[in-house]
Every structure is written in structure tokens, then in C-alpha cells.
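Structure, as C-alpha cells:
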Amino acid sequence: MRPTFRLLTVSLLLLSCHASADEAVASKMRALFPKADADQSGTLSEAEQARAVEFVKTTYGGQWSRQIEVMFGRAGKDGTVSAEAWQRAVAMFAQAPAKKTEMIAMRDGVPLATDLFLPSGDGPFPVVLSRTPYSRVKRSQEAASFVREGWVFVIQDMRGRFDSKGENLPFIGCGWGEHEDGVDTIEWLKKQPWCNGSIVTIGGSAGGITQNLLAGAAPQGLMAQYISVATSSMYAGGSYIGGAFRKADVENWMTGNKYDPQALQITRDHPNDDDYWAKFDTTKRFDRMNVPAVHVGGWFDMFLQGTIDQFTGRQHHGAPGAKGTQKLVIGPWQHAIGKMPAGQLNFPNATRIPQAYDALRWFTHYLNGTDNGIEKEPAVAYYVMGDTATPGAPGNEWRYANDWPIPAKETPVYLTGERRLSLEKPAAATTPHEFTFDPANPCPTIGGANLTIDRGPMDQRKIENRGDVLVFTSDVLDKPVEVTGRVLAKIFISSSAVDTDLSVRLCDVYPDGRSMLIAEGMQRLRHRQSTAQPVPLTPGQIEEVTVDCWSTSQIFNIGHRIRVTITSSNYPRFDVNPGTGQPWSDTGEQVKQTNRIYCDTEHTSRLVVPVVE
């Protein structure tokens with residue numbers, strides 16, 4: 001390592017470990033100047049600045065190199081940076097941004113608590129807005145990074161949350177309708193003398209869902225969005241999946257975050273996709289959305305499919321400004337971007353999103369008008385998962401595409417009478433597989449796309465020997481098989497009851513026997529035709545039912561096997577189906593459900609997977 005940069009190494013290591021700019025870090029940053037000043041002239045030439053920036057980029061990544069580059073740019077005069085100007089730049093970096101709290105009145109007069117962090121100077125400035133149900137005070141740590149860019153950071157407690165007034169119900173006022181709190185907040189911001197009229201939004205999970213709802217209201221002044229792990233519909237993929245209530249996560253999230261108790265009751269009172277849910281369904285408003293957005297998700301995130309659907313909906317059906325300007329980033333993550341391990345697997349090179357798609361670069365383009373090339377990056381960055389136990393196994397890498405889904409061959413994989421998976425269509429009649437589901441003894445959840453219970457890819461062997469679980473396994477693979485895209489199960493079933501569930505799990509079976517969950521789906525059969533209008537089963541009648549197992553990108557390695565399990569519960573991820581055609585009630589009737597799965601020449605139960613060749 002060149003002596004010039006030895007102190008730079010130590011200094012930025014400290015900086016990267018402590019995101020806040022305290023005095024110790026500022027002292028180290030001040031010491032960078034003489035070390036970078038190779039000719040000891042008292043100024044840094046453009047070449048000296050470029051070498052420093054390149055070193056930081058190589059050693060610590062693009063985020064810190066851009067920070068140093070921004071600081072050089074602000075301190076520079078005629079392309080050079082003097083020692084005095086650098087000291088001023090460091091002082092500005094180290095100074096915690098001042099906070100001002102406003103109670104912003106919405107159109108109905110209800111005030112929402114809002115914290116403002118302004119850069120120094122006269123302005124006006126662009127604005128980064130974040131709205132949260134999790135306390136603006138606890139979520140304001142990122143303010144300094146935006147203020148250093150010369151942007152105002154604004155963070156607001158949603159209606160009814162913490163210091164904001166109003167009803168304490170999830171996402172009330174986030175979109176369109178009687179309350180339009182996001183729209184009203186943007187209108188207020190635009191009127192402030194320190195705002196230049198350019199506003200972007202950022203946030204993940206609930207902070208991402210509120211952005212999707214805001215986009216559906218199409219407010220004027222919104223320039224771009226950065227959305228992480230967020231669903232597109234609070235019914236489909238939010239509170240219900242395939243018509244089944246997402247019991248553990250919805251109950252734990254609402255009670256743990258101290259929402260009004262009626263919020264949970266309202267959710268349970270609307271088991272169908274009815275008019276109540278329409279105000280929380282952004283998929284019906286893509287044609288109104290008109291801003292560029294980055295959508296970040298994870299293959300094991302609870303809102304995975306909603307993230308993908310939001311991207312494809314805006315990218316292909318959005319209004320001018322949105323259509324063709326979206327980006328999608330999907331990693332091997334749960335509901336926490338960059339966190340490893342995911343469940344029981346540790347994927348390499350997956351602790352952060354690709355640098356080309358980070359938020360500062362996105363906003364620098366849309367707020368500052370900087371031509372940094374981000375709009376020319378591929379529309380999609382996705383992580384192809386693979387065998388994590390074998391060094392050099394195919395997959396476990398980032399790939400890029402211009403659209404989603406990527407080209408793939410929709411391939412049927414048939415369930416057989418011998419409980420095998422086969423590419424060959426059944427050629428003979430066979431006895432159906434039968435199991436009885438007892439609501440008093442549901443099949444337990446082991447990992448998966450959850451939030452408040454164990455999540456991520458986990459070994460499913462504990463459930464695979466249950467009498468109410470059917471297991472279908474392929475032969476040992478003689479070559480790797482890549483599955484990238486949406487996975488569907490098409491199952492022929494009859495039941496003794498008027499209602500039952502189909503729970504389907506797709507697993508990667510390692511040579512050591514581990515059966516690792518990769519994708520899964522749930523379908524409540526009274527909702528097999530429509531989530532809006534339930535239709536009971538006719539007992540004993542065979543029907544073909546489609547189970548959406550959402551999307552994945554996985555290379556099943558040579559020597560592995562592919563496995564599909566079918567049962568009628570996944571508890572407590574989903575509530576239990578009592579078999580009566582009615583929602584679950586602790587005091588209501590429950591009936592055992594004897595279900596038959598057909599795998600013969602006329603009833604070809606199968607998995608349909610997108611195989612990339």
C-alpha cells in the first residue's frame with residue numbers, strides 16, 4: 001500500500017464502522033489532507049483528488065468514495081482544494097444537522113408530527129421525504145447522509161402514530177380517498193421557502209407501502225421513489241395470500257406495534273377482497289403512477305411478489321414518467337436487505353445491493369440532475385441462488401436483465417403415483433394419494449417468507465414424515481437446473497369438505513439430506529376461482545386448482561434433488577381452515593378434511609417452473 005494512503009485506510013475504516021460523524025472521525029478526516037497532498041503544496045490537484053477517490057472506491061465501496069468526491073467538489077475552487085477549504089468541508093460533514101419539528105395540518109385539520117433537517121445555506125433545496133409508523137424520532141438516523149448531499153430530510157409520523165393525531169389504523173390516509181396525508185404533506189413542503197419543488201420519497205416495509213399508495217395518488221412535485229420490501233396490495237400478498245389469513249405476522253405486527261385493537265378486527269372482518277381493500281390496492285392504479293422508482297426485495301421476503309408486481313405494473317402500464325423508468329433489485333434476502341445468513345443458508349456476495357442501484361446515486365440523478373448514468377443501468381438486478389455448501393457451485397451471483405421475467409421455458413414437472421417428480425407425463429391410471437387433515441393438528445410453519453416468526457430457507461424434514469404431508473422427489477440431478485421466475489402448482493384435488501387448503505412447498509434437497517425451502521404457496525379453495533366471491537367445493541368432485549408459489553431464482557446443483565410437498569395447512573403462518581366454508585373461529589365448528597391428489601393421465605397434477613437453459 002502506498003504510504004500516502006496508509007492513514008486514509010485507517011481513517012475510512014473508522015468512518016465505515018461509525019456512520020455518524022463524531023469528533024473522532026472528523027479529526028481523522030482532517031488528517032487525510034496532508035497524506036493525500038503528495039507534493040506537499042497545500043492544495044490537492046485534480047489528479048490527487050482522483051487518486052484518493054479511486055482508492056476509497058476500491059477499498060471501501062462507492063458510498064464512501066462518492067462522499068469524499070462530494071466533499072472535494074464543494075470545497076474545490078478552480079479544480080483544486082485548499083487545506084482551509086478542506087477543514088471547512090470536514091467541519092460541515094461533522095456537524096449534526098439541526099432539527100425542527102412541525103405539526104403539519106392535513107386537509108381535515110388533523111396535525112401530523114414532522115421533523116425537518118435542513119442543510120446550511122440559503123437554499124432552496126430538494127427534499128427527501130420519509131413517512132413511518134415506527135416513530136420518526138427513532139428512524140431519523142439517516143438524516144445526516146441526505147443533508148450532507150445538500151437535501152432537506154423530512155420524516156413524519158403517520159396518522160395516529162406516536163405524536164401525530166388521528167385514528168391509529170394502519171396506512172389510513174397514505175393513498176387516495178377521504179384522507180390523502182402523503183399528498184397533503186408534499187403540498188405543504190412545496191410551499192416552504194427552503195423547498196425548490198423537487199421531492200423524492202424513501203422507505204422500506206411500511207415505509208415502502210406508503211410510497212406505493214402515495215404513487216397511486218399521483219401528487220404533483222414527486223420526482224422519484226426508492227422503495228424496499230413493500231407489497232402492492234394490502235389484501236393479496238399483504239394480509240391474505242390465496243385467500244388465507246396471514247395469521248402470525250398480521251397479528252404480531254398489529255399488536256406488537258400497538259395499533260388500535262379494532263385494526264386487527266377490521267382485517268379479520270374482511271376475509272374477501274372487497275370494497276374495503278380497494279383503497280389499499282395499488283395494482284389498480286398503475287396507469288396513474290408517473291415517477292421513476294427503485295423497487296428492492298428479497299426472495300424470502302414476505303412482500304416478494306408485491307415488489308415484483310409493483311415493478312412490472314409501473315414499468316409496463318405506468319403513466320408517462322413511470323413507464324420504462326423503473327428498476328428492480330432482488331437479492332437472497334428476508335425482510336431485511338443485506339442481512340446474512342438468510343434462514344439456515346449463507347449466500348456469498350449478498351450483504352448489500354449492487355452499488356449501481358443505491359439510493360444516493362438514484363436521488364443524485366433525479367434531484368440534482370446529475371448525469372451519472374443510473375437511468376441507463378439494466379432495469380433488473382437479481383441474485384441467482386445456488387448450492388451454498390459446494391465451493392464453485394453454479395449460481396450465488398448477481399445477474400442483470402432489461403426486463404422481468406427473464407426469458408425461460410415454462411416446464412411442467414409431473415407428480416407421479418410413486419411420489420416422484422418427473423418430466424414425463426403420466427402414461428397410466430394410478431390410485432390418488434389421500435390424506436386427512438385435522439384442524440386440531442395443523443402442519444407447522446418452518447421458515448419461509450415471514451416477518452415475526454422464523455423466516456428464510458429452512459430444513460423441512462421435520463414435517464415431511466407427517467401422515468398429512470405428501471412428498472414428491474425427483475431423481476438425483478445429473479446436471480444443474482436453473483429455475484428463475486414465477487412458480488405455479490396445478491393440482492387436481494377432491495375433498496370430503498366444502499373447503500380446504502392447498503399448501504405447496506418447493507425444496508432443494510442437498511446430498512446430505514437437508515430439504516431446504518426455496519419457494520412456497522397457499523390457496524384457500526373457497527377462493528380458488530375468486531378472492532372476492534368465495535365458492536364452496538362440491539365434496540368428492542375433482543377440480544384443478546392453481547397454487548401461486550410466487551417467484552424465485554435458484555440453480556439446483558448436480559447431485560441434488562428437487563422436492564415438492566403438499567398438505568393442507570402451514571400454521572401459524574396462516575390460520576387453520578376449519579373445513580366449513582367459514583373463517584376460523586375458536587368456538588366454531590371444525591371438520592376433518594379427507595383430500596385426494598390425483599396424478600393420472602387425465603388429471604396431471606404438476607409444478608410449472610420457468611427453466612432457464
Side-chain angles (χ1 to χ4, degrees), residues 44-58 60-81 85 89 92-93 119 121-129 142 145-153 190 194-202 211 215 220-228 289-296 311 314-315 318-329 352-381 398 400-403:
L44 298 184
S45 66
E46 291 182 344
E48 289 170 328
Q49 295 170 50
R51 286 195 296 269
V53 168
E54 183 60 30
F55 174 82
V56 173
K57 181 178 180 180
T58 301
Y60 302 101
Q63 178 180 352
W64 292 111
S65 68
R66 281 192 293 276
Q67 180 63 63
I68 297 299
E69 190 171 25
V70 167
M71 292 174 69
F72 281 154
R74 289 180 182 163
K77 183 178 181 182
D78 298 327
T80 63
V81 177
M92 183 179 296
F93 178 91
D122 297 328
F125 310 102
V127 176
V128 179
L129 170 64
E142 58 189 352
S145 64
F146 294 120
V147 170
R148 291 183 195 122
E149 298 293 327
W151 307 329
V152 179
F153 182 66
K190 287 161 54 180
W194 40 260
C195 175
N196 71 0
S198 294
I199 300 167
V200 298
T201 58
I202 193 169
Q211 290 187 77
Q220 294 184 357
L222 182 61
M223 302 292 292
Q225 296 182 305
Y226 199 93
I227 303 164
S228 301
M289 299 182 185
N290 56 15
V291 296
V294 175
H295 310 269
V296 183
F311 165 79
R314 295 197 199 192
Q315 183 78 343
K323 189 173 183 178
T325 67
Q326 308 298 300
K327 305 293 184 187
L328 175 66
V329 181
R352 58 166 296 163
I353 69 168
Q355 293 180 10
Y357 298 85
D358 79 18
L360 287 181
R361 187 177 183 220
W362 185 249
F363 290 155
T364 296
H365 176 68
Y366 285 103
L367 288 180
N368 297 355
T370 302
D371 184 11
N372 57 17
I374 194 167
E375 80 282 6
K376 299 182 181 68
E377 300 289 351
V380 179
W398 286 97
Y400 302 88
N402 292 323
D403 202 358

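- Taking NZ from Lys327 and CD from Glu377, the interatomic distance works out to 6.5 Å, rounded to the nearest 0.5 Å.
- Checked against side chain to side chain donor-acceptor pair (under 3.5 Å), Gln225 has the following partners two or more places apart in sequence or in another chain: Thr201, Arg314.
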request  = Dump the intermediate steps for side-chain contact (heavy atoms from CB on, under 4.5 Å) on Trp151 and Asn196, then the final yes or no.
outcome  = CA-CA 10 Å; Trp151 307 329; Asn196 71 0; over 6 Å; no

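- At a threshold of 4.5 Å between non-hydrogen side-chain atoms, the residues Val127 and Trp194 count as touching.
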request  = Step by step, work out the side-chain contact (heavy atoms from CB on, under 4.5 Å) result for Tyr226 and Val296.
outcome  = CA-CA 8 Å; Tyr226 199 93; Val296 183; 4.0 Å; yes

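- How far NE2 of His365 is from CD1 of Ile374: 8.0 Å, rounded to the nearest 0.5 Å.
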key: Worked check of side-chain contact (heavy atoms from CB on, under 4.5 Å) between Trp362 and Val200   = CA-CA 10 Å; Trp362 185 249; Val200 298; over 6 Å; no

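- Of all heavy-atom pairs spanning Thr80 and Gln49, the tightest one is CA-NE2, 3.8 Å.
- Ring geometry for Phe153 against Phe146 counts as parallel: the plane angle stays under 30°, on a 0 to 90° scale with 60° as the upper cut.
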task = Let me see the working for Leu367 and Val128 under side-chain contact (heavy atoms from CB on, under 4.5 Å), right down to the final yes or no.
result = CA-CA 9 Å; Leu367 288 180; Val128 179; 4.0 Å; yes

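- The CD atom of Gln326 lies 11.5 Å from the CG atom of Asp403; values are rounded to the nearest 0.5 Å.
- The shortest distance between side-chain heavy atoms of Glu48 and Val81 does not fall below 4.5 Å.
- At a threshold of 4.5 Å between non-hydrogen side-chain atoms, the residues Pro354 and Val329 count as touching.
- Partners of Ala47 according to the side-chain contact (heavy atoms from CB on, under 4.5 Å) rule, which considers only residues two or more places apart in sequence or in another chain, are Ser45, Arg51.
- Using a 4.5 Å cut-off on side-chain heavy atoms (C-beta onward), Phe363 and Ser198 make no contact.
- When the salt bridge (Lys or Arg N to Asp or Glu O under 4.0 Å) test is applied to Asp371, the partners found at least two apart in sequence or on another chain are Lys376.
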